Amino acid sequence: MEMQILDCDYVMLNGKPLIRIYGKDMKGETFCVFYNKFLPYFYLHVHDEKIEEAIKQIKDRYPEVKIETVEKFLPIGYQPPVKVLKITGIEPGKTPEMKEFCQRLGTPYEADILFKYRFMADFDLRGMSWIDVKGTFQKTNTVKCKAIEAETIKPIEILQNAPLKYVSLDIECLSDEDRFAVPEKDRIIAISLAFYPEYKNKKNLVILARLANINNNVIGCADEKEMLSKFLEIIDDYDPDILIGHNLNNFDLPYVLKRLELHQLPRSLGRSDKNAISRKLEYTHMPTVSGRIVVDTFEIYKRDPWVKFKRYDLGTIAKELLGAEKVELGENYIDTLRRLWAGKKDDLTKLVEYTQIDAELALRLVVERGVLDKFFEIAKLSGVLLQDCLGGQTQRHEFRLLREFSKRSYIMPLKPERFKTTPQIKGAFVLDPVVGLHDWVILLDFTSLYPSLISSFNICPTTFVMNGWKDENCITTPYGTKFVKPSIRKGILPSVVDDILANRILIRKQMKTATDSAQKRILKSKYLALKDLLNSLYGYTGYPRARLYVSDIANTITAYGRETIASTKKMVEENFPVKVIYADTDSIFIKADVNNLEDAEKLANRVSEFVSSKLLGLELKFEKIYKTFLIETKKRYAGWSFERDNGNWAEKIEMKGIETVRRDWCTLVSETMFDVLNIVLKEKDVKKAARHVRSTIDDLVKGKVSLEKLTIVKGITKSLDSYEGVQPHVELAKKIIKREFLKPSIVGERLDYVIIKGNQLLSKRAEDPKYVKEKGLEIDPRYYIYNQLLPPLERIFDICGISASELLEGSKQKNLLDMLNGQKPQLSPEETILSAFDSVVCKNCEWSFRRPTLSGNCPKCNSPLYFSGDGSIGKIVELKP
DNA sequence: GGCTCTCGGGG
DNA sequence: GTGTACGAGAGCC
């Protein structure tokens, strides 16, 4: 029988561990493979003369263990193999205790590797890979699928994936009190399921904790308990491989499990008799549902470095990626839900529709977007089970390396102790940029710089020279560390890098010839998975809690990186008529004396070839040309880029580190920023950009900017009196509570606000845009100019040689004051000062700031702030908004 | 510019 | 289950 591995666990049976591998065959049938001929073991390194004594002590304490002496290479430092004890136990669960006991006798190795992973490593089994099993079918009720007692298990190579079944779930709960639902008190009223492929010709099912007759896709139940039983029944019957939900790990799954427990129902969501669990620690979650994989769309999308969202709620992600709209329950969620739940058929139908769409969207975010494809391949390449690939990167490298180590008779260290302080790794080189607006800038970067360096210089814990060794056999690094030459011993880390690079070339070749679309899709995912693994390998070596963390090694890699980029700069400037204006980690930006794309490209290719030929094992690749390039500081730049795309030039405006989309900025700011950069970069007309800003300010003063563009959003996350300091949205919340005294609570809500004109402190002038519209209130242009528009724009204009005062003045009006006044009557003298202040000072403690604080008070001593400026020193006028 | 603190999704 | 794992952005000097 051939099947693809989905999950693996073990149980103790008759005093012996029984390994269970869950998987699927090509037809989609589920199996569980049992294997009972594997026992837990680990290694112990003790001083040669103490070996006999150690064996005796272990035997006395643990008579059941088997101890052998074997030859192994220790993982850190180049050295000959040593004798170590291999201690084989019976119960995996006893190993931690044995490990502690052995720590007094010597150094244990591999004593903290999960039993299932020990087994998988030794049998060369990998998550999502295929195995060939010979054995006999077993009758059992410990698992819910066909069980096979295996005689032999062999890995086999199959590219395709078995057909998987996905179910997405979303629950609705109702609390009687006015707070967020908690599973200890508040019941679940509805469970919504969405299936792929369909379940009994249905895409959706909603199970209600109330008798109802809505339609074929709704099952009414007498109460919550009946609903939960029905839910378990459907999961068993449909038998999904993948469980999906938005914030499933942190909300729906633990909630359902807790309610099942309270109703004394089995928590049997998995494929075995093991209870499903969902544990949270720090911030990451560890759901365990035997035989199935739990996928939380919130966690998956939040971790994805390629797509970024302003917010990660289901509505936002679904809208952006699927173009789908979520049903909104309106202003007061709890009240609406309560009303719908208590209502007649129409109300209930609305509730059903709401929860049904949520489950469906989460499902589509996985299936339609194919987000798991890459993780399938990461599992196959690293060996880690699919469920464990969805989390951090460390495990992937650790397990891959464990297998490479075992193959070569090396043993792995234990995980380092927690909270151990470790030396800081010195990071990459970032050149101080030549700040300004430049023409014709070429970007080149080293492909996979750190992995290439690991490979070129044989950098690995196993080749690391820790004591005197003949220099002619070593590579001495710029950090001062030494590694033996590959001719003496090739490192494991370099081998892994080479393997990934070779694999990548192979996959790229296969991608070109592949015709089948399913095959193409898998190859593409494989390529992405290889890229991910390669890019995160350096990070692993520099992670203090990695088994193979050696600070000298991480420091060696970055030192080589710094040396590479510095010598590249020198080399390029000495051999070509160019100036390097910026460099960061593995990329350099060079300013060239050219005036068209083709010449720039020719030059770039010459530079690329030259540097690549001089630096062995490295490739400096031509990336793109910036016709115009504006750099503010390290890591903050924008440019008009041109890149080859299938032979043609593709152009776009790029921004790095210049935040145009920030939650606490209104859209007017991002729009203006975007317009300004477009004008500056494409037309190189700074004056025109300044005019654009002035006209925006003009519109603002004249009240021509729509409230939507001025709305700022901030969440109220805790009770109002627990906020320290004065914040506009908190003050607004207080106002709203006062106005709508029937409103139960505001905690957990997101507040939209605009800043209006008035005589109070800034923060007291936050107001609900709807209220502003109703009452015909006016927004405060000064706030939007000084606190929103100016800060980001000022920096851009500054480096283009236009100061803030020039920005504000020079239009029809003489200065900001006149613009602010517009058609209005004259302001009081106190307000005049606002037109041209240089800074804000606190007269009490003499602290000074560039801009007024939101509270209007000094953050240090809380006394009122004063404006200073207007050209004349000493002319300080009290802030009267 | 660098460091510490907070908060996220969900009902 | 031989486990014990966050990271971006805001706020503050």
Side-chain angles (χ1 to χ4, degrees), chain A residues 9-12 17 39-42 87 89 91-100 108 110-119 170-175 178-183 186-190 245-255 274 277 279-286 288 290 296-299 301-303 305 308-317 329 332-334 336-338 341 354-355 358 362 388 390-395 398 414-415 418 543 545-546 633-636 659 661-665 714-715 717-718 724-725 727 748 847 849 853-854 859-860:
Chain A
D9 67 1
Y10 85 99
V11 280
M12 287 304 288
L39 293 172
Y41 67 86
F42 66 95
I87 302 164
E91 262 188 81
K94 259 197 169 176
T95 316
E97 184 202 313
M98 284 167 64
K99 176 187 81 184
E100 291 221 343
E110 303 188 4
D112 54 357
I113 289 165
L114 298 188
F115 184 55
K116 62 184 178 190
Y117 279 126
R118 169 86 281 163
F119 167 77
D170 175 51
I171 63 169
E172 304 302 320
C173 339
L174 208 54
S175 53
D178 189 50
R179 51 169 164 65
F180 205 87
V182 286
D186 307 318
R187 73 217 146 106
I188 302 174
I189 53 170
H246 198 69
N247 209 17
L248 181 61
N249 287 340
N250 193 27
F251 185 74
D252 301 66
L253 187 60
Y255 206 111
K274 258 192 194 171
I277 48 169
R279 276 189 256 174
K280 179 182 177 180
L281 64 114
E282 311 256 306
Y283 193 68
T284 38
H285 304 267
M286 308 218 34
T288 309
S290 60
D296 185 334
T297 47
F298 170 65
E299 294 204 337
Y301 280 103
K302 200 172 41 129
R303 289 190 109 99
K308 290 280 167 212
F309 300 99
K310 214 167 174 178
R311 299 186 51 213
Y312 288 86
D313 59 311
L314 184 59
T316 306
I317 303 179
L329 278 196
N332 193 327
Y333 188 91
I334 297 183
T336 314
L337 200 65
R338 229 177 250 151
W341 181 242
Y354 168 79
T355 185
D358 276 8
D388 300 328
L390 304 176
Q393 310 252 341
T394 323
Q395 243 193 17
E398 214 121 80
L414 301 179
K415 279 197 181 149
R418 269 224 279 178
Y543 178 54
R545 275 148 85 176
T633 60
K634 287 177 178 180
K635 316 252 180 204
R636 293 169 79 100
E659 324 83 315
V661 275
R662 261 173 55 170
R663 267 190 237 184
D664 56 341
W665 281 353
K714 269 195 176 174
T717 51
K718 49 187 183 180
E724 284 184 33
Q727 293 188 51
W847 200 253
F849 309 87
T853 56
L854 287 178
K860 280 200 148 180

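Chain identifiers are assigned alphabetically (A, B, ...) following the order of the sequence lines, protein sequences preceding nucleic acid strands; residue numbering begins at 1 within each chain. In this text, all values refer to a predicted model and were calculated from it rather than measured experimentally.
- Taking the six-membered ring for Trp and thresholds of 30 and 60 degrees, Tyr312(A) and Phe309(A) have ring planes more than 60 degrees apart, a perpendicular arrangement.
- The interatomic distance linking Arg187(A) (CZ) with dG11(B) (C1') rounds to 13 Å, in whole Å.
- Atoms CZ (Arg636(A)) and C1' (dG1(B)) sit 11 Å apart, rounded to a whole Å.
- Counting any heavy atom pair closer than 4.0 Å across all strands shown, Arg118(A) reaches a base atom.
- Base engagement by Tyr41(A) is indicated by at least one non-hydrogen atom pair under 4.0 Å involving a base atom.
- Spacing of P atoms, dG11(B) relative to dT4(C), comes out at 32 Å, to the nearest Å.
- For the OP1/OP2 pair of dT4(C) and a distance below 4.0 Å, the side-chain nitrogens and oxygens of Lys415(A) include at least one atom meeting the criterion.
- Asp112(A) comes within 4.0 angstrom of a base, heavy atoms only.
- Looking at heavy-atom distances under 4.0 Å, Ser175(A) makes no contact with the nucleic acid at all.
- Straight-line distance from the CZ atom of Arg279(A) to the P atom of dT4(C): 12 Å, rounded to whole Å.
- Judged as a side-chain hydrogen bond (donor to acceptor under 3.5 Å, both in side chains), and not counting sequence neighbours, Glu100(A) has no contacts.
- For Asp170(A), the listed nucleotide lying nearest its side chain is dG11(B); candidates were dG9(B), dG11(B), dG1(B).
- Among the atoms of the strands shown, none is found under 4.0 Å from any heavy atom of Leu248(A).
- Within 4.0 Å of Pro96(A), counting heavy atoms only, lie sugar-phosphate atoms of the nucleic acid but no base atom.
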